[in-house]
Amino acid sequence: DLTTYYMSTLVLPVASRPHVHALYGFARYADDIVDDLGPISVAERAAALASFGQRFFADLAAGRSDDPVLAAVVDTVRRFDIPAGCFHRFLRSMTMDLTVERYETWPDLLDYMDGSAAVIGEMMLPILGPSDLAAAHGPARDLGVAFQLTNFLRDVGEDLERDRIYIPKEDLRRFGVDPRERRVDAAWHDLMAFEIARTREFYASSVAGEQYLPPASRRCIRVAHRMYGAILGRIEANGDDVFTRRARVSTPRRISMVAGAYLSRA
């Protein structure tokens, strides 16, 4: 969610924002190759994604790039010593999106999210400047997972248009649900309650990392936490209907969250 992401970065120091935006630009570029290149084949998308990755790692090794997106990311990675392995894991998950449409178990989904969500928290962490990088590592990963699970639940209907379902098949069987039927009934409510509760557990566990962040970074993370977390509340307020209604947090409410963070000294 570009608007939520951008608004939460407004409370960061000005010098930090371009580096956070560079990481977002890299992730967005790869995601667009997977989903938004128009009517081209999976093989062509895979080739384009592989080429993008090869260019990035070559430019990273060279320390410079002629591509504006890659140039910004290369500078950020080198400036903050972000491990290159993070980008290998990210691109692996993006490649999975080309062919994997379902996840059998929760561990299978976690494996995908390691590279699509948890690793984003790892990439962001050095920019946020924690006092103890190792101690903040796990909570940063958990927050990345919480954000992505929130998006998965909000976007069930949209993902069906791409024939993707990011709720583990074992959960669907347990609750007797098939999202393709787009039916909001008692079984669907039970499933959503389970998935929302699990997502909130990741939000809760991520809070332990805030103590290691400097004030501006801590405020940024709290704003992002509140904005994304509020989406879960909107899903519930919409009666768990993620097929015909999109769970949105209003712009005035998001502005209020940002303003509150600016005024906070915590």
Side-chain angles (χ1 to χ4, degrees), residues 1-2 5 19-37 40-62 65 67 69-78 80-127 133 137-153 155 158-159 162-171 198-199 202 206:
D1 188 323
L2 176 57
Y5 184 95
H19 301 293
V20 176
H21 296 162
L23 292 180
Y24 182 89
F26 179 89
R28 185 77 262 168
Y29 199 120
D31 192 60
D32 285 348
I33 291 173
V34 173
D35 288 331
D36 294 322
L37 285 185
I40 68 172
S41 69
V42 169
E44 289 172 301
R45 293 177 190 275
L49 187 62
S51 175
F52 174 66
Q54 290 163 4
R55 280 186 291 138
F56 166 68
F57 290 114
D59 290 350
L60 183 60
S65 177
D67 181 288
V69 173
L70 295 183
V73 182
V74 166
D75 176 68
T76 295
V77 171
R78 293 173 72 91
F80 292 94
D81 197 26
I82 300 173
C86 289
F87 295 87
H88 284 289
R89 287 156 54 207
F90 172 77
L91 291 170
R92 171 182 176 265
S93 288
M94 292 301 96
T95 302
M96 290 171 67
D97 262 336
L98 293 171
T99 57
V100 181
E101 298 168 346
R102 308 284 191 276
Y103 293 88
E104 181 66 32
T105 68
W106 172 241
D108 291 337
L109 185 63
L110 280 176
D111 178 60
Y112 166 76
M113 290 192 295
D114 170 69
S116 66
V119 79
I120 302 299
E122 294 179 45
M123 293 177 186
M124 281 278 295
L125 197 53
I127 301 171
L133 190 65
H137 181 265
R141 284 176 52 85
D142 285 352
L143 189 59
V145 171
F147 288 163
Q148 181 151 76
L149 288 173
T150 299
N151 287 342
F152 285 164
L153 296 178
D155 296 339
E158 293 179 23
D159 288 333
R162 298 188 177 99
D163 197 31
R164 293 184 194 152
I165 299 175
Y166 291 102
I167 298 173
K169 291 168 71 176
E170 64 181 3
D171 294 354
R198 179 155 60 186
T199 302
F202 279 92
S206 74

Using side-chain heavy atoms (C-beta onward) and a distance below 4.5 Å, is [X] in contact with [Y]?
X	Y	result
Gln148	Val145	no
Lys169	Tyr103	no
Phe26	Leu70	yes
Phe202	Leu143	no
Leu23	Ile120	no
Arg164	Asp35	yes
Ile165	Asp159	no
Asp114	Arg141	yes

Next item on the list: Would you check, one step at a time, whether the test salt bridge (charged side-chain N to carboxylate O under 4.0 Å, His left out) holds for Arg162 with Glu101?
Entry: CA-CA 9 Å; Arg162 298 188 177 99; Glu101 298 168 346; over 6 Å; no

What's the spacing between [X] [atom1] and [Y] [atom2] if we round to 0.5 Å?
X	Y	atom1	atom2	answer
Thr95	Arg92	OG1	CZ	9.5 Å
Asp75	His19	CG	NE2	5.5 Å
Asp97	Ser116	CG	OG	7.5 Å
Asp155	Thr150	CG	OG1	10.0 Å
Tyr24	Met124	OH	CE	12.5 Å

Looking only at atom types and distance, does a side-chain atom of [X] sit under 3.5 Å from a main-chain N or O of [Y], one as donor and one as acceptor?
X	Y	result
Ser93	Tyr112	yes
Arg102	Asp163	yes
Glu44	Ser41	yes

Minimum heavy-atom separation for [X] and [Y], please, with both atom names.
X	Y	result
Ala61	Arg78	O-NH1, 4.3 Å
Ile82	Pro126	CG1-CG, 4.2 Å
Thr105	Pro168	C-CB, 3.8 Å
Ala46	Leu98	CA-CD1, 3.5 Å
Met123	Cys86	CE-O, 3.6 Å

Next item on the list: Before giving the answer on salt bridge (charged side-chain N to carboxylate O under 4.0 Å, His left out), spell out for Asp171 and Arg198 the whole-Å C-alpha distance, their side-chain angles and the decisive distance to 0.1 Å.
Entry: CA-CA 12 Å; Asp171 294 354; Arg198 179 155 60 186; 2.6 Å; yes

Notebook entry, point to check: Of the options Val73, Asp67, Leu49, which is the one that meets Tyr29 in a side chain to side chain contact (heavy atoms under 4.5 Å, CB included)?
Noted result: Asp67

Check: Is there a donor in the side chain of Asp142 and an acceptor in the side chain of Ser206, or the other way round, less than 3.5 Å apart?
Finding: no

Next item on the list: Give the C-alpha distance, both sets of side-chain angles, the deciding distance and a yes or no for salt bridge (charged side-chain N to carboxylate O under 4.0 Å, His left out) between Arg55 and Asp59.
Entry: CA-CA 6 Å; Arg55 280 186 291 138; Asp59 290 350; over 6 Å; no

Item checked: CA sep, side-chain torsions, deciding dist, call: Phe87, Phe57, ring pair (Phe, Tyr, Trp, His ring centres under 6.0 Å) -> CA-CA 9 Å; Phe87 295 87; Phe57 290 114; 7.1 Å; no

Next item on the list: Over 60° means perpendicular and under 30° means parallel, so classify the ring planes of Phe152 and Tyr166, tilted if in between.
Entry: parallel

